[in-house]
Undergrad: 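Have a look at the structure that comes next, please.
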Amino acid sequence: MSFGIKPLGARVAIKKLDAEEKTEGGIILTGSAQEKPQMAEVVAVGPGTKDEDMELKVGDKVVFSKYAGTDVKYGGEEYTIMSQSDILAVVE
């Protein structure tokens with residue numbers, strides 16, 4: 001499934017999941033109070049390299065390093081492209 005961005009090497013393109021708008025106690029958070037999400041869905045993967053196999057696949061839900069990657073806008077949507085090594089875990 002290609003959407004127009006094809007990461008190179010051991011990089012992935014992710015789409016961040018929406019930030020929580022309400023606390024567990026029911027308090028509604030304003031935009032500035034919402035924490036930036038660190039969970040995302042993988043939307044494209046590179047082929048990997050001879051030194052690093054690609055372990056992720058499109059559709060994986062992942063947790064990533066807070067300041068990792070490069071944000072890009074494409075087709076009116078925001079994506080982040082980062083190295084596979086910046087992905088900390090796959091959420092099952």
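Numbers here are sequence positions counted from 1.
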Undergrad: Only counting residues at least two apart or in another chain, list the ones meeting side-chain hydrogen bond (donor to acceptor under 3.5 Å, both in side chains) with E77.
TA: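 Once residues adjacent in sequence are excluded, the partners of E77 under the side-chain hydrogen bond (donor to acceptor under 3.5 Å, both in side chains) criterion are K15.
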
Undergrad: Applying side chain to side chain contact (heavy atoms under 4.5 Å, CB included), run through L56 and V62 and close with a yes or a no.
TA: CA-CA 9 Å; L56 300 168; V62 296; 4.1 Å; yes

Undergrad: Distance-only criterion, 3.5 Å: show the donor-acceptor pairs between side-chain atoms of residues 81-92 and protein atoms not counting sequence neighbours.
TA:
residue: Q84; atom: OE1; partner: E55; partner atom: N; Å: 2.6
residue: Q84; atom: NE2; partner: E52; partner atom: OE2; Å: 3.0
residue: Q84; atom: NE2; partner: D53; partner atom: O; Å: 3.0

Undergrad: Do the non-hydrogen side-chain atoms of T70 and T80 ever get within less than 4.5 Å of each other?
TA: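 Counting from C-beta outward, T70 and T80 never come under 4.5 Å.
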
Undergrad: For residues M39 and K16, determine if any side-chain heavy atom of one lies less than 4.5 Å from a side-chain heavy atom of the other.
TA: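 No, side chains not in contact.
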
Undergrad: Apply side chain to side chain contact (heavy atoms under 4.5 Å, CB included) to residues E41 and V58 and explain how you reach the verdict.
TA: CA-CA 8 Å; E41 181 176 351; V58 172; 5.9 Å; no

Undergrad: What are the two closest non-hydrogen atoms of A13 and P7, and how far apart are they?
TA: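 Minimum heavy-atom contact is N-CG, 3.7 Å.
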
Undergrad: Would I14 and F64 satisfy side chain to side chain contact (heavy atoms under 4.5 Å, CB included), going step by step from the backbone distance to the final call?
TA: CA-CA 10 Å; I14 60 171; F64 59 92; 3.8 Å; yes

Undergrad: Can you see which heavy atom on Y79 is nearest to which on Y74, and at what distance?
TA: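 For Y79 and Y74, the tightest heavy-atom pair comes out as CE1-O, 3.6 Å.
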
Undergrad: Between atom CZ of R11 and atom NZ of K6, what is the distance when rounded to the nearest 0.5 Å?
TA: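 Here the interatomic distance stands at 12.0 Å.
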
Undergrad: What distance do M54 atom CE and T49 atom OG1 have between them, rounded to the nearest 0.5 Å?
TA: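 That separation rounds to 8.5 Å.
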
